[in-house]
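Remarks on the structure that follows.
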Amino acid sequence: MKREEMMPSEREWLIMDAVWDSDDQPTSAEILKRIDKAAKLDSRTERVLLHHLCRRGLLGYVVDERDSRVYHYYPLRTREECLREKSRNFIDTYFRGDSSFAVSALLKNAAFTDEQLVELEAILKSRKDGEQT
């Protein structure tokens with residue numbers, strides 16, 4: 001399966017967020033309730049998206065002990081793993097794989113608070129220090 005096919009689409013990302021943000025293993029009804037306002041999905045569409053996420057290895061599920069028609073979903077990939085892959089795909093697609101061009105374009109076109117700039121400086125410093133060792 002291609003790398004792009006492994007990453008959640010925008011609507012699938014909403015489902016993944018609901019699962020990642022859950023303290024337990026939510027059911028499809030609980031997921032739909034959490035994303036209802038943002039996604040405006042009907043239950044059938046949500047079930048299709050859940051099936052695709054499971055088939056592609058992003059989500060897993062267990063069958064409810066009391067009701068075999070109910071599945072409880074859990075993430076098989078972390079948010080950080082998916083963000084890293086989405087970022088790489090974005091850079092490859094829109095910046096021809098040039099990370100420095102992507103970062104400079106984002107830095108030039110975004111508004112940052114002083115706190116965010118300090119955080120970005122720390123990230124750059126840690127990357128620079130890590131590459132020197």
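Positions are given from 1, in the same order as the sequence printed here.
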Which atoms form the tightest heavy-atom contact between P8 and L53, and what is the distance? CB-CD2, 4.3 Å
Determine whether Y74 and D24 make a side-chain contact, defined as any pair of heavy atoms from C-beta on separated by less than 4.5 Å. no
With hydrophobic residues grouped by side-chain heavy-atom distances under 4.5 Å, do V63 and I31 end up in a single group? yes
Approximate separation, where rounding is to 0.5 Å, of L107 CG and L120 CG: 6.0 Å
Spatial distance of atom NZ (K125) from atom NZ (K128) [nearest 0.5 Å]: 8.0 Å
Is it true that a side-chain atom of N89 and a backbone atom of E85 form a donor plus acceptor pair closer than 3.5 Å? no
Tell me whether E119 at atom CD has more than 12 heavy atoms from other residues, nucleotides or ligands lying less than 6.0 Å away. no
R69 vs D67, salt bridge (charged side-chain N to carboxylate O under 4.0 Å, His left out): CA-CA, chis, key distance, verdict: CA-CA 5 Å; R69 297 172 297 171; D67 186 347; 3.1 Å; yes
Transitive ILVMFWY side-chain link L76 to W20, under 4.5 Å: no
Looking at Q25 and E30, what are the two nearest heavy atoms and their distance? O-OE1, 4.2 Å
Does the distance from a Lys or Arg side-chain N to an Asp or Glu carboxylate O, for D21 and R79, drop under 4.0 Å? yes
From S126 OG over to E121 CD, what is the distance, rounded to the nearest 0.5 angstrom? 12.0 Å
Spacing of CZ belonging to R77 relative to CZ belonging to R84, to within rounding of 0.5 Å: 8.5 Å
Ion pair check, D98 and R96, cut-off under 4.0 Å: no
Test item: S22 side-chain N/O and A18 main-chain N/O as donor-acceptor pair under 3.5 Å: no
With clusters defined by side-chain heavy atoms of hydrophobic residues (ILVMFWY) lying less than 4.5 Å apart, directly or transitively, does L117 cluster with V103? yes
Where do M7 and C82 come nearest, in terms of heavy atoms and distance? SD-O, 3.6 Å
Report, as yes or no, whether the 6.0 Å neighbourhood of atom NZ on K86 holds more than 12 heavy atoms from other residues, nucleotides or ligands. yes
Looking only at side-chain N and O atoms, does R11 offer a donor or acceptor that is under 3.5 Å from a partner on T45? no
As an exercise, state the distance from SG of C54 to CZ of R47, rounded to the nearest 0.5 Å. 13.5 Å
Can you tell me how the ring of F95 sits relative to the ring of F101, calling it parallel under 30°, perpendicular over 60° and tilted otherwise? perpendicular
Closest contact, heavy atoms only, Y73 versus T27: CD1-C, 4.4 Å
Where do P75 and L59 come nearest, in terms of heavy atoms and distance? CA-CD2, 3.8 Å
Side chain proximity check, R34 to P26, heavy atoms < 4.5 angstrom: yes
Side chains of T113 and Q116, heavy atoms from C-beta outward: is any pair under 4.5 Å? yes
Taking all atoms of both residues into account, what is the closest heavy-atom pair of E46 and L32, and its distance? OE2-N, 3.1 Å
Kindly compute the distance separating CG (L83) from CD (E81), expressed to the nearest 0.5 Å. 10.5 Å
